[in-house]
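Working notes for the structure below.
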Amino acid sequence: MADIRNFTLNFGPQHPAAHGVLRLVLELDGEVVERADPHIGLLHRATEKLAETRTWVQSVPYMDRLDYVSMMCNEHAYCMAVEKMLGIQVPERGLYIRTMFDEVTRILNHLLWIGCHALDVGAMTMALYTFREREDLMDAYEAVSGARMHAAYYRPGGVYRDLPDRMPQYEVSKWKNAATVKAFNENRQGSLLDFLEDFTNRFPKYHSEYHTLLTDNRIWKQRLVNIGVVTPERAKQLGFTGAMLRGSGIEWDLRKKQPYAAYDKVDFDVPVGVNGDSYDRYLVRMEEMLQSNSIIKQCIDWLRKNPGPVITDNHKVAPPSREAMKSNMEELIHHFKLFTEGIHVPPGEAYAAVEHPKGEFGIYFISDGANKPYRMKIRAPGFAHLAAMDEMSRGHMIADVVTIIGSQDIVFGEIDR
Amino acid sequence: MSAKLERLSQHLEKHLGDRLKRLTLALGEVSIEVAAADYAGVMLTLRDEPELGFEELIDLCGVDYSAYGESWQGRRFAAVSHLLSIANNWRLRVRVFAEDDGFPVVASVTPIWSSANWFEREAFDLFGIVFDGHEDLRRILTDYGFVGHPFRKDFPISGHVEMRYDPDEGRVIYQPVTIEPRENTPRIRREDTYGDVAHG
């Protein structure tokens, strides 16, 4: 009898379908996966340790670099945890802006996810479509914060500044003539809210194009249906949250169950899967995008009607305006103390979690009363999801591993931290 | 505090009894502290008792308390878990201190929640807390062959070694770090009422 032995395959760390730096050691019996052992940490930057040596405000930009496709949601959890410990209130307009940008971020994240997931599974076109739409949302990020991705827009106490009245315009250059620039600038004539409203009106049409391309596509279904099935019991055991949990049929959404920001004042539905396979998770996330679109619309309506402050006026936490600072001694001192010494957070501990596009993203702080955190722990949703990789891929073909990674929506910035 | 958290505290007192070393209600969150000897048993009760019903372990992390506050009197290492009950929609924080500061050991909760697997590996990797009963306690985040536990308070932020390419030897070598530690904003603790942020 021939000598049969298992085959061990190194998948990654530089593999285009590994969504970053994942080294996956696969034990194979023929083409069937016997065991998957993910080796992570190749992107470990010790964000939590770095935060111990930075003041409370200085760590906000690090949050963008965790899950680098849903930047503002990370900041949101961080700011919520700090606000909880300080016991300060965010003005209502600030809460609505946060809600709106959380949903912009959710669409951004899901667009990247569906683009890359489809690309991995073999549908090239999706990535081109979704990156077209992402561009508009990135412009919204840029208009509000000056940066396309790493915004650092949310601050403890609110958001850094109010929404801009005008959108940045394209300019004529040797690559773009006047006619092209005019067409590009057509939906940028008004404020940021006009620009986003235009997007929300266009988006459902794009969304139905994605459905046409994928949902009933024979190859797409062959690759996703019944792949990586997780039962509701196992999903809870494995610490799943977000779309991974909802895909398994458990109705759980922090925006509904433990509302934060302005989520208790907007109307939306929570899609839930039935079978717990990759296809159900795909459908859940697709529907979430439409719900986000509707939340953005509701926030735009509210923000149009209700001007007001966007950040707390407590100058122990948020800086005073430049104008006040230059005419008023006390404001000058506040500004100086805030930017040299920082916020002092009372001793204690707090955990704040948001419904991040990928699941529950939480920040746990321990403070000893200093101007820096004593300990920060980031609860990354992807960490728990990737830990289930072994269980989900066992008994599947090697090509299905790519589908499972895709349906887990893995990003290494948050897993390795 | 809300009636819901009040109810949770009563259920905890009822089902854990003497095993509950401390219960705190602060900032809308319930935290309990248990002894290392009771830890695994308490966690099983927390999951299986329907009046508590914590079916998900959301997070587990290590904490090194050696530099906390002016002078820390208690044990050095703790494992802090965050539990979530989907059925009852409440959360709980459980803290357990390891008895021995030199060789911290606490029981593993992987038999109770599968999600504890990687969280415990991380706490072992970063703090050197050993989880008794964990079947695969390997390093997870640090490099292959890494020495030490980087999140301990006595581990410098710059680390101990750095890596560079050595043209003479024609390979990548490790050497002691050459950068000076630098602190732009010093760590300052004021009296507890300083600034009075919450009421100012």
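Numbers restart at 1 for each chain; the letters A, B, ... are given by sequence-line order, proteins then strands.
A side-chain donor-acceptor contact under 3.5 Å links B:S114 and A:Q237. Looking only at atom types and distance, the side chain of B:R19 has a donor-acceptor partner in the side chain of B:T45 under 3.5 Å away. Looking at A:N314 and A:T312, their side chains never bring a donor and an acceptor atom within 3.5 Å of each other.
Only the side chain of A:I366 comes within less than 4.5 Å of a heavy atom of chain B; its backbone N, CA, C and O stay farther away. For a residue to count as touching a neighbouring chain, one of its non-hydrogen atoms must lie under 4.5 Å from one of that chain's; by this rule A:F383 touches chain B with backbone and side chain alike. Using a 4.5 Å cut-off between heavy atoms, B:R152 touches chain A through its backbone atoms (N, CA, C, O) alone. In this structure, chain A has a heavy atom under 4.5 Å from the side chain of B:L84, while its backbone stays farther away. When heavy atoms are compared at a cutoff of 4.5 Å, A:L43 does not approach chain B at all. There is no contact between B:N117 and chain A, counting heavy-atom distances below 4.5 Å. With a threshold of 4.5 angstrom between heavy atoms, B:L126 approaches chain A through side-chain atoms but not through N, CA, C or O. Residue B:R93 touches chain A through its side chain alone, counting heavy-atom pairs closer than 4.5 Å.
Rounding to the nearest 0.5 Å gives a distance of 4.5 Å between CZ of A:R379 and OG1 of A:T241. A:C79 contributes atom SG, which lies 11.0 Å from atom CG of A:L86 (distance to the nearest 0.5 angstrom). Taken from NZ in A:K358 to CG in A:N74, the straight-line distance is 8.5 Å, to the nearest 0.5 Å.
A cation-pi arrangement is not found for B:R47 relative to B:F54, the charged atom failing to lie both closer than 6.0 Å to the ring centre and inside a 45° cone about the ring normal. B:K153 forms a cation-pi arrangement with A:Y374, by the criterion of a distance under 6.0 Å to the ring centre and an angle within 45° of the ring axis.
Look at B:K14 and B:E49 and you find no salt bridge, because none of the NZ, NE, NH1 or NH2 atoms lies under 4.0 Å from a carboxylate O. Electrostatic pairing of A:R35 and A:D390 does not count as a salt bridge here, judged by no charged N lying under 4.0 Å from a carboxylate O. Using a 4.0 Å cut-off between a side-chain N of Lys or Arg and a carboxylate O of Asp or Glu, B:R7 and B:E51 do not qualify as a salt bridge. Here A:K84 pairs with B:E29 in a salt bridge; the nearest charged N to carboxylate O distance falls below 4.0 Å. Salt-bridge check for B:R76 with B:D154: passed, with a basic side-chain N closer than 4.0 Å to an acidic carboxylate O. Ion pairing between A:E52 and B:R187 fails under the 4.0 Å rule for side-chain N and carboxylate O. Taking the charged nitrogens against the carboxylate oxygens, A:E360 and A:R246 have no contact shorter than 4.0 Å, which rules out a salt bridge.
Ranked by heavy-atom pairs shorter than 4.5 Å toward chain B, the options A:P38, A:G348, A:A353 are led by A:P38. Annotation: maximal heavy-atom pairing with chain A below 4.5 Å, among B:L60, B:V80, B:T24, occurs at B:V80. By number of non-hydrogen pairs under 4.5 angstrom with chain B, the leading residue of A:Q58, A:K257, A:R54, A:E349 is A:E349. Of the residues considered (B:F155, B:F151, B:F119), B:F151 shows the highest number of contacts with chain A, using heavy-atom pairs under 4.5 Å. The most heavy-atom pairs under 4.5 Å with chain A, out of B:I112, B:D125, B:L57, come from B:I112. Chain B forms more heavy-atom pairs under 4.5 Å with one residue of A:K49, A:H39, A:M85, A:H44 than with any other, namely A:K49. Between chain B and the options A:L386, A:L245, A:I40, A:L238, heavy-atom pairs under 4.5 Å are most frequent for A:I40. The choice from B:P150, B:S31, B:G62, B:A67 that makes the most heavy-atom pairs within less than 4.5 Å of chain A is B:A67. Between chain A and the residues B:D136, B:D64, B:T185, B:V63, the largest count of heavy-atom pairs under 4.5 Å involves B:T185.
B:H149 and B:F127 have their aromatic ring centers separated by at least 6.0 angstrom. The ring of A:Y78 has its center closer than 6.0 angstrom to the ring center of A:F365. Taking the six-membered ring for Trp, B:H134 and B:F124 have ring centres at least 6.0 Å apart.
Chain B is approached within less than 4.5 Å, heavy atom to heavy atom, by A:I415, A:D416, A:R417 from residues 408-417 of chain A, ordered by number. Within residues 140-148 of chain B, the residues having any heavy atom closer than 4.5 Å to a heavy atom of chain A are B:I140, B:L141, B:Y144, listed by residue number.
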